[in-house]
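Here is the structure we will look at.
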Protein chains: 2
Amino acid sequence: MKIRDLTYFSKLASLKNFTAVADYFSVRQPTITMAVKRLEREFDTTLVLRDQSHQSILITPSGHQLLKHAHRIIDEVELTNLDMAALNQEQVRFGLPPIIGHYFFPKAASRLAQAGLLSQLAVTETGSGELLTALEDGKLDIALLGSTHSLNNSLLNATLLAKHHFKIIVSPKSHLASQQKIAFQDLHDEKFIMQTEDFVHPTAFGALNKFSFINPNIIYKTGDITLLKNLVHENVGIGFLTETALTPQDELVSLALTDSFQPEFLISLVFRQSQLPSATQKKVIDILIQALRTDSYHQ
Amino acid sequence: MKIRDLTYFSKLASLKNFTAVADYFSVRQPTITMAVKRLEREFDTTLVLRDQSHQSILITPSGHQLLKHAHRIIDEVELTNLDMAALNQEQVRFGLPPIIGHYFFPKAASRLAQAGLLSQLAVTETGSGELLTALEDGKLDIALLGSTHSLNNSLLNATLLAKHHFKIIVSPKSHLASQQKIAFQDLHDEKFIMQTEDFVHPTAFGALNKFSFINPNIIYKTGDITLLKNLVHENVGIGFLTETALTPQDELVSLALTDSFQPEFLISLVFRQSQLPSATQKKVIDILIQALRTDSYHQ
DNA sequence: TGTTCTTATAAATTTATTTTATCACAGCTG
DNA sequence: CAGCTGTGATAAAATAAATTTATAAGAACA
């Protein structure tokens, strides 16, 4: 099996025309015919039906099976090229979601600056979900990500840096302001200012709703945490926010949840299992872990 | 990049000797030298240091990076070969853990037999964890698996068939036998008969311990559910068991847990994302889903 | 019916890989 | 220290494989 044959075949499946595939790769048409024949001979099967009224080709079930693997192999080959190229690079492509970037990452910034590494970071700032995809696609080297579940899997290496709690935040003027803690189900009649879907907050909020059998009113959604805090401060509604983002300057009251089941805001340092960190990357990773890891999660 | 060069290089990394690799693949030694050179030229880097006191070779950091990808690519190629070969086969390699096999799968067996498919199943019966690995390694086509968390990921396609509850089972002679339900933390002084680690029960039990801040005494572990039931029946201890495995014939009392957080026993039909089911496999999958899926989980 | 668009085939060509033969180097050993 | 052994590199020759060129064959379509 040749990688090149797989790319020819994969393109054939999408273009459905031998000549077009040949043009695409700047080769002659019989090259594509031969490539498909090689694969068909190797696996002793028919991958493509060509006679079918001659309008277009048809991929057989065996063909579809091979395509599934072909895509995985081609993707891995692309990642290989990206990673091998990135190896000689000094720049570290770094993903940072807004909350973690504003309230958590700064604790490590001075140590990175000391080591002369802050300037090497090419930072992408967007939601954790998007960063996760970029990481998996080889577009980022390292990211700090927020999540409710562990991100460790066969693709990604995730080091847990901190587990933060989600809090209920209310205005000092709110009727809840005198309390220190509250059960989530007691909030069923409250109006919430919620984060947009690129935050993990709506997911955690949904899980709490499910477990408490309530469904409070969300009156406004925003991706701007400062705006959210201001709206809560003005008592327009109450908020649901990880303690990560809370500072004394907010002039907000935060209530702990008393529920035994609680989603947590996990902050992890994530990189691909398949990417061996470069020297620079290794330094960044070490400093971030040292500076940001909460003691209780040292292993 | 050629797959063959990657396999040569990968073997070189483990054997650490060009000549030995050549012998392994029944080619001459310069072939290996050339293969490594091709890769080094393609990625414009040094992958292997050969002069180092001439005792053994040394893989450079770039070499290690390439190795990581090489292994992933080689694994995928192996899976491809397995899947393409399995495509023409009538036999379906089917994984079935003991509890699901005894208490849950029989509901589908008659319909499989009707369709003449029961005899096509090559059944492997072992713990869910082992079956999961076998599935990922391409040694199984389909499995029914028990788990506490969803098994869906980038490798596996999992269809949820049922969510069962974990119950506390006690002897009719037990002092708990008059109750219908109980909070887990009230069991802190009880003695438990527990399943061995190849079951999901110890994991779920551990999660409940953690949430309830208790740590009950486990006096015996067994992989034999009938023995476990007998021991509980004789009031040697109490048990923690998915309702899947409970039948009226057991003469046991089962108590529901009242906790708001409860792990669940998920039963899923699982196969690899990358394996396109053969005609026979498709039939088996359809019948299993139709016969076993609990109504509330139709999508 | 001839034109066009398609893929297949076969021979020639080009490119790539492997082998053969040999060299160079280092570590051991008598 | 000379000679043996085991290691990998190199260059030319041989082999193998992929691609191109040129052409055929089939179907759709005007």
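Here is how names work: the chains are called A, B, and so on, in the same order as the sequence lines, proteins then strands, and each is numbered from 1.
- Counting only N and O atoms by type, the side chains of A:Gln290 and A:Arg111 include a donor and acceptor under 3.5 Å apart.
- Close to C:dT6, at under 4.0 Å from its OP1 or OP2, lies no side-chain N or O of A:Arg50.
- Heavy-atom distances under 4.0 Å link DNA chain C to B:Val27, B:Arg28 of residues 19-29 of chain B, given in residue order.
- Put simply, CG on B:Leu47 is 16 Å from P on D:dG8, counting in whole angstrom units.
- More than 12 heavy-atom neighbours from other residues, nucleotides or ligands sit within 6.0 angstrom of NZ on B:Lys107.
- Between A:Lys68 and B:Asp83, no side-chain nitrogen of the basic residue sits less than 4.0 Å from a carboxylate oxygen of the acidic one, so the salt-bridge criterion is not met.
- When distances are taken from the side chain of A:Met34 to each of C:dT9, C:dT18, D:dA18, the shortest belongs to C:dT9.
- In the set D:dG8, C:dT18, D:dT21, the nucleotide with an atom closest to the side chain of A:Pro30 is D:dT21.
- We find that CD1 of A:Ile32 is positioned 9 Å from P of D:dT20, with the value rounded to whole Å.
- As a whole-Å value, the separation of B:Asp5 CG from C:dT17 P is 7 Å.
- The distance from atom CD of B:Glu40 to atom P of D:dT10 is 11 Å, rounded to the nearest whole Å.
- Annotation: side chain to side chain donor-acceptor pair (under 3.5 Å) contacts of A:Glu78 (sequence neighbours excluded): none.
- Residues passing the salt bridge (charged side-chain N to carboxylate O under 4.0 Å, His left out) test with A:Glu136: none are found, sequence neighbours excluded.
- To the nearest 0.5 Å, atom CG of residue B:Leu112 and atom NZ of residue B:Lys283 are 11.5 Å apart.
- Between the NZ atom of A:Lys2 and the C1' atom of C:dT15 there is a distance of 13 Å, rounded to whole Å.
- Looking only at side-chain heavy atoms (C-beta outward), A:Leu39 and A:Leu6 come within less than 4.5 Å of each other.
- Between B:Thr33 and D:dG8 there is no side-chain polar atom (N or O) within less than 4.0 angstrom of OP1 or OP2.
- Aromatic ring pairs are classed by plane angle as parallel below 30°, tilted from 30° to 60° and perpendicular above 60°; the pair B:His149 and A:His149 is perpendicular.
- As rounded to whole Å, 10 Å separates atom P of D:dA18 from atom OH of A:Tyr8.
- Using a 4.0 Å cut-off, no side-chain N or O of B:Arg4 falls inside it from OP1 or OP2 of D:dA17.
- Side-chain N/O atoms of A:Asn17 include one lying less than 4.0 angstrom from OP1 or OP2 on C:dT7.
- Take A:Tyr24 and apply the ring pair (Phe, Tyr, Trp, His ring centres under 6.0 Å) test, not counting sequence neighbours, and it matches no residue.
- At the phosphate of C:dT19, OP1 or OP2 sits under 4.0 Å from a side-chain N or O atom of B:Thr31.
- Each end of the helix from C:dT1-D:dA30 to C:dG30-D:dC1 yields a helix axis from five base pairs, and these two axes differ in direction by 10° (to the nearest 10 degrees).
- Atom CE in A:Met1 sits about 18 Å away from atom C1' in D:dA18, given to the nearest Å.
- Partners of B:Asn17 under the side-chain contact (heavy atoms from CB on, under 4.5 Å) rule, at least two apart in sequence or in another chain, are B:Thr19, B:Ala20.
- Ranking C:dT18, C:dT9, D:dT10 by closeness to the B:Lys37 side chain, first place goes to D:dT10.
- Taking atom CZ of residue B:Arg41 and atom P of nucleotide C:dT15, one finds them 15 Å apart after rounding to whole Å.
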